[in-house]
Amino acid sequence: MTTAVANHVELSKTPLAEFRNEPVRDFSRAAVREDFRNAIAKLRERFPLDAPLVIDGKPVRTKEVIAVRSPNDTSLVVGESGSAGIEDTDRTIAAAKNAFASWSQTDAGDRAAFLLKAAEVCRQRRDELSALMVHEAAKPWREADADTCEAIDFLEYYAREALRLGERRPLQRHVLGERNELYYQALGVVGVIGPWNFPMAIPVGMMAAAVAAGNTVVWKPAEQTPLIAHLVMKIMEDCGLPRGVVNYLPGRGEVCGQRLLESTDVQMIAFTGSREVGLHILKECNTVRPGQRFVKRVVAEMGGKNALIVDSSADLDSVIPDVLYSAYGFSGQKCSACSRLIVVEDVYDELLPRLREGVASLKIAPSTDPGCQVNAVIDEDAKAKVLEYIAIGREEGTELYVAEVGELAEKGHFVPPAVFTDVAPDARLAQEEVFGPVLAVIKARDFDHALEIANGTDYALTGGVHSRTLEHLEAAKTRLQCGNLYLNRTITGAIVGRQPFGGFRMSGIGSKAGGPDYLKQFLVARSATENLMRHGFAPLDEGDGPRDEHFD
Ligand code: NAP
Ligand code: MG
């Protein structure tokens, strides 16, 4: 299929350059800062933004709406999105199902072309996209910019993966007179259910993979961040994506999200979010409902309780900034955030005062401020949860430092960055995901003991070691149970293609996002075997290719 698609980008015929990561903005340059400051201010003039549902290419209004207030300042209404009910959801699924017939037959090169075009438009509008995340999710400048870059990377990466997997592959022939081929086909309708913490990159990654593979999508963004999803949806439409291929379905998880799980027309759920919801999704999708003719596939990326180990040979000067960024960057609201610092007793007492000074130096501010290091958390519930864990920390450990938030707390969802020491490995603070700027410090006897503590939770997402002992670094590669291991650096900030991302145990099931196995999850593999020893072929049409194998 080349028609309307090929008019946009004649890509299937042009060889693609090698995948490269999108470079982040250099905010140390005054001109770059100025541009971004302007983007934040300019976007604000357009508030409140409007984000109706998009079903089959048409905006659809709903009775119920979601008002999005900035976590920086809850008096600021950033915009309003629709909130889908059951009927809207069913219509959306029907639109995606309808679009599947033609999209799944569209040439992989043409599908890739859309994603590359969308990546290009995101590049042109990246400050606007990042500025929206500054307002809507209270992302600090660098974090918002990195989110946009990662989304661009996913579009570029999965476009190339679709091309790679779009080819029919001849398989090694061990038997004369037999031809074997492996090829992939799309699954059907994919429900993309995203979190608010990487409100652009993560759902764009799931959506781009689904679309690149030839599936159609119902995209349900998190309630806290529907506006950035709507802006991306508009960009996809502006790129000429045929209607119905991606549909935008904001609304409440228990309503429209749940309907996607129950629908017998949705073949797959791509989910990133909490363990609680992820396990619920797996259970629901395991239930076969009347009329269902397939086993529903689920990719579920879930939470973490990530540990960073510091051994006695570590360079403490580099440990502190890496811990501060890993634990408190975006206020600890990253699935990869460091929430347990495991320190061997030889250096424990030396490290603590430096850590205290470091945490005390962090600037708590609205994310619109370029100096912000600790931003407001996403909503009232998150704030209450963090404050509850600070109270738990006071009971379970020793308070090393809990900051003062001051007047900021009156305006937005600000919570103090906090650090507790002498936390027992099995304490709640050392076992449960807090998703806020709270760090538990745990003392270990030696490196082996530190590994044992690190592995002693239900999760296995990210982990790290700071050490100058080569055997320890090597041992961590096999013995530290985590999907993404980082040695002598921060433990957050995975980059597409360089650090394919995802965990195991209760941190999720599925192949790593931004890696070579990811796209296959959105495809069915097929193989065909042809006996070439037959006699009496029908006459060949020109262009049918050689048929001489039967002479082998
Ligand atoms: P969440 O509460 O689990 O929500 C995620 C999504 O699931 C939201 O869109 C939510 O909708 C939806 N949902 C809720 N109930 C549902 C239901 N019954 N059926 C279908 N969908 C439903 O997670 P979150 O608070 O947005 O994100 C934070 C969590 O994500 C943390 O645990 C973090 O570790 C994890 N995370 C993991 C990764 C990873 O790669 N492993 C990356 C980022 C985040 P509503 O918004 O309407 O409730
Ligand atoms: Mg939620």
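Counting convention: from 1, in listed order, for ligands and their atoms alike.
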What part of Phe435 sits under 4.0 Å from ligand 1 if we count only heavy atoms: the side chain, the backbone, both or neither? side chain

Pairing donors with acceptors under 3.5 angstrom, does anything connect the side chains of Asp322 and His466? yes

Can you find an N/O atom of Glu223 closer than 3.5 Å to an N/O atom of ligand 1? yes

For Pro195, counting its heavy atoms only, list the atoms of ligand 1 lying under 4.0 Å from any of them. 26 (O), 27 (O)

Under 4.0 Å to a heavy atom of Gly253 - the qualifying atoms of ligand 1, by number: 11 (O), 13 (N), 14 (C), 15 (N), 16 (C), 17 (C), 18 (N), 19 (N), 20 (C), 21 (N), 22 (C), 45 (P), 47 (O)

Under 4.0 Å to a heavy atom of Arg252 - the qualifying atoms of ligand 1, by number: 47 (O)

Pairs of nitrogen or oxygen atoms closer than 3.5 Å, one from Gly273 and one from ligand 1: do any exist? yes

Just to confirm my output: which protein heavy-atom neighbour is closest to atom 36 (N) of ligand 1, and how far is it? Cys335 CB, 3.5 Å

Tell me if the centroids of the rings in Trp141 and Phe330 come within less than 6.0 Å of each other. no

Any heavy atom of Glu284 under 4.0 Å from ligand 1? The part involved is neither

Report yes or no: does Gly502 have a heavy atom closer than 4.0 Å to ligand 1? no

Of the listed options (Ile269, Asp379, Asn197), which comes nearest to atom 43 (C) of ligand 1 when hydrogens are ignored and any heavy atom counts? Asn197

Going by the atom numbers of ligand 1, which of them fall below 4.0 Å from some non-hydrogen atom of Ile202? 42 (C), 43 (C)

Heavy-atom nearest neighbour of atom 3 (O) of ligand 1 within options Cys256, Ser274, Gly503, Gly303: Ser274

Considering Gly278, Pro250, Gly194, Ala201, which one's heavy-atom position lies nearest to atom 8 (C) of ligand 1? Gly194

Part of Lys334 within contact of ligand 1 (heavy atoms, under 4.0 Å): neither

For this output row, return yes or no: ring centroids of Tyr158 and Tyr518 closer than 6.0 angstrom. yes

I need the atoms of ligand 1 closer than 4.0 Å to a non-hydrogen atom of Gly251, numbered in the order shown. 47 (O)

